Structure formats: C-alpha cells, structure tokens
Novice: 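So that we are looking at the same thing, I have put the structure below in structure tokens.
As the structure lists them, so they are numbered: ligands from 1, and atoms in each ligand from 1. Here the structure is a predicted model, which means the values were calculated and not measured.
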Amino acid sequence: MKKIRINTSSPYDVIIERGMLENCGKYIADTVKSRTAVIITDDKVNSLYGDTVKKSMEENGFKVDIFEFPNGEKSKNSDTLNKIYDFLCEKNITRSDILVALGGGVVGDITGFASATFLRGIDFIQIPTTLLAQIDSSVGGKTAIDLKGGKNLVGAFKQPELVICDSNTLKTLTPEFLSDGMAEAIKYGMIRDKNLFESIAGHNLENIDEIMDDMVYTCIDIKRDVVEHDEFDTGERMILNFGHTLGHAVEGYYNYSTYTHGCGVAVGMAMITKKFCPEEIYNKLIKCLENYKLPVSVPVSAEKLLPFCSKDKKRSSGNISYIVCREIGKAEIIKTSVEDFNALMGE
Ligand code: GLY
C-alpha cells in the first residue's frame with residue numbers, strides 16, 4: 001500500500017492500493033470517530049461498487065445509507081445538492097457523522113460542497129473511481145457545483161479526512177474516461193516531472209495499466225507539493241491549470257456536450273504550447289496526447305474560443321493568468337491583460 005500525507009490546514013492521507021475497496025471500511029473506521037455515514041454516488045458507480053463499499057463499512061461498525069443521483073455533469077447543480085441536503089435531514093445526519101463520495105469528479109465535487117455547507121460543515125471521505133478524480137479532483141479540497149452561468153462557479157475549500165484510491169476501479173472505465181484522466185496525468189509531467197512525462201509517452205491506452213499505480217502515486221505527490229504550498233489557490237497552484245484556460249473555453253464553446261474536460265485540457269495544452277514554446281516540445285506533447293487518443297486541436301478559430309475564456313476563474317480585474325511549459329517539467333505562470341492574451345492567441 002502506498003500512502004501520501006497531505007499537509008494542508010487540515011491534514012489527511014491518500015492511500016493507494018489495488019483491491020482496497022473491499023476493505024475500505026477498516027481504513028475509514030481507523031480515520032473517523034463517527035459510525036454513521038451516507039455514501040453519495042451516481043447510478044453507474046452505485047451499481048458497480050455501492051454494495052462493496054456499504055458492506056465493508058457495515059462490517060466495520062457503520063450504519064450506512066446511500067444517496068444516488070443520475071451520472072454526469074448535468075447533475076452537478078443546486079437541484080441535486082438540495083436533494084442531498086433533504087436526504088441528510090431525513091436520515092437525521094448530525095455534525096459528527098460523515099459523508100462518503102464514491103465516484104468520479106462530479107460526485108466528489110458535489111459531495112465535498114455538501115460536506116462544506118451542511119450544518120456549516122461535516123467530515124467527508126473521498127473514494128474516487130475515475131483516473132481524473134484519483135489524480136486531481138479528489139485531492140486538494142476544491143469542491144463546487146455548476147451554475148447556468150458556468151462550471152464550478154459556487155464552491156468552497158474543504159479538505160477530505162481520507163482519500164482511498166483503488167486502481168482496480170479504473171478497469172471498468174471506458175477508453176474515453178481513461179483518456180480523460182490521462183490528459184491530467186500528461187499535464188503533471190509537463191508542469192513538474194520530465195521522467196513522468198517520458199514514462200507516460202512510452203506507453204499508450206492499451207498498456208498504461210503496467211505503470212498505473214506508480215503514475216497515480218507520482219501525480220498525487222506532485223499535487224500534494226503544489227497544494228501544500230498554495231492551498232487556497234492564490235499563486236503557485238495556478239500551474240495545475242496548464243491547458244485549462246483554453247480547455248474550459250473549448251468545453252464551453254461546445255456547450256459541455258462534445259469535449260470532455262480532459263479533451264478540452266489536451267487541446268488547451270496543445271494550443272498554448274504551439275504558440276509559446278519550442279517546436280520540439282510541442283511535437284513531443286502532441287505525440288504523447290495522440291498516444292492516448294486525445295484531440296490536439298478543434299475545428300474552430302482562437303477568436304471564437306476566446307470569449308469563452310472570459311469566465312475563467314484565473315481572470316481578475318481585466319487580467320488573466322496562463323501557464324506555459326517551455327521545457328518539459330517546468331511551468332511558468334504568465335499574467336497579462338485579457339486584451340494582450342486575446343491579441344497573442346488570435347494572431
Ligand atoms: N484542479 C486544479 C486544482 O485543484 O487546483
């Protein structure tokens with residue numbers, strides 16, 4: 001078993017081990033005092049893993065209820081959140097009880113936000129079951145729901161008590177979901193770790209399982225380091241958004257229906273690298289993204305995408321911060337006016 005301690009304002013462990021879902025109740029019982037829990041999950045994940053997690057928790061003395069909602073980003077809204085709050089009231093959940101987020105990024109984000117706000121805050125555990133959630137969204141304490149005006153516009157920082165990553169759960173992912181997470185793994189290599197990048201570049205969707213546990217560990221460890229230095233996202237943490245400013249624009253331009261988050265990030269990384277970095281770096285990045293069946297461009301001009309950057313949370317008072325990697329493994333944060341950014345990208 002691999003373990004990473006995240007030393008944020010409220011410290012916690014991330015544990016990584018294949019097959020540990022069946023024993024997750026033991027690790028949760030060792031971490032929290034409460035023995036009353038609500039698992040929050042979606043219909044797909046519930047049918048795959050809901051019973052396993054519930055059974056393991058019950059065997060370790062927990063009283064467990066499950067709240068399920070329809071899978072997909074369309075559920076990450078105030079309607080679902082209100083249903084979660086109502087369910088928690090119905091089950092008489094108190095401040096000393098816990099929530100368990102069992103699923104991908106949507107489940108983790110909305111459960112985290114419910115836990116940050118219900119009764120002004122109750123503890124929660126993350127059991128991420130997608131690659132993207134394991135290496136990114138379950139660690140670091142960002143929680144949110146979407147508004148009609150954009151993604152993740154209402155949220156809170158709330159660190160979990162424990163994160164449990166079982167890479168066996170990644171075996172049930174469709175190739176599209178695996179690609180989605182690989183975009184974030186490639187991002188970690190680009191911003192911080194040349195060896196990680198080379199190792200990912202030397203594999204593909206068919207054989208990535210060979211290095212999965214080490215890759216998940218390395219990605220989470222990079223995130224740990226970044227988040228420990230800048231938990232509340234006022235500086236260095238922005239490097240985690242390499243490819244995201246344009247990536248969010250790609251997702252938004254297509255109304256969040258054509259490109260997944262990872263595909264948007266892949267296009268965003270490719271566009272920004274093509275514009276600002278040596279051709280050799282761009283070519284390596286493109287080749288690696290293509291290994292994982294990720295897109296490297298979209299059939300729409302930068303001018304049309306740029307208005308969709310305007311909702312980027314890295315924008316403030318007419319300025320925008322974007323990330324470039326002129327060398328593999330090294331990221332720079334560049335702050336510029338929105339006008340200059342638009343002019344540079346539109347050239
Ligand atoms: N997903 C980017 C961050 O946690 O800051």
Novice: What residue and atom, counting heavy atoms only, is the protein's closest point to atom 1 (N) of ligand 1, and at what distance?
Specialist: D136 OD1, 3.0 Å

Novice: Determine whether a donor-acceptor pair (N or O, by modelled atom type, separation under 3.5 Å) exists between the side chain of K63 and the backbone of R35.
Specialist: no

Novice: May I ask you to check whether Y322 and F276 place their ring centers less than 6.0 Å from one another?
Specialist: yes

Novice: Backbone, side chain, both or neither: what part of D233 comes under 4.0 angstrom of ligand 1, heavy atoms only?
Specialist: neither

Novice: I'd like to know if K223 contacts ligand 1, where contact means a heavy-atom distance under 4.0 Å to any ligand atom.
Specialist: yes

Novice: State, to 0.1 Å, how close T130 and G104 come at their nearest heavy-atom pair, and which atoms those are.
Specialist: OG1-CA, 3.7 Å

Novice: When only distance counts, is N241 in polar contact with ligand 1, meaning an N/O pair under 3.5 Å?
Specialist: no

Novice: Apply side-chain contact (heavy atoms from CB on, under 4.5 Å) to residues L294 and I186 and explain how you reach the verdict.
Specialist: CA-CA 11 Å; L294 286 159; I186 294 167; 4.2 Å; yes

Novice: Given side-chain contact (heavy atoms from CB on, under 4.5 Å), test L88 with F67 step by step and report yes or no.
Specialist: CA-CA 9 Å; L88 301 180; F67 178 86; over 6 Å; no

Novice: Going by the order shown, which atoms of ligand 1 are within less than 4.0 Å of some heavy atom of R237?
Specialist: 3 (C), 4 (O), 5 (O)

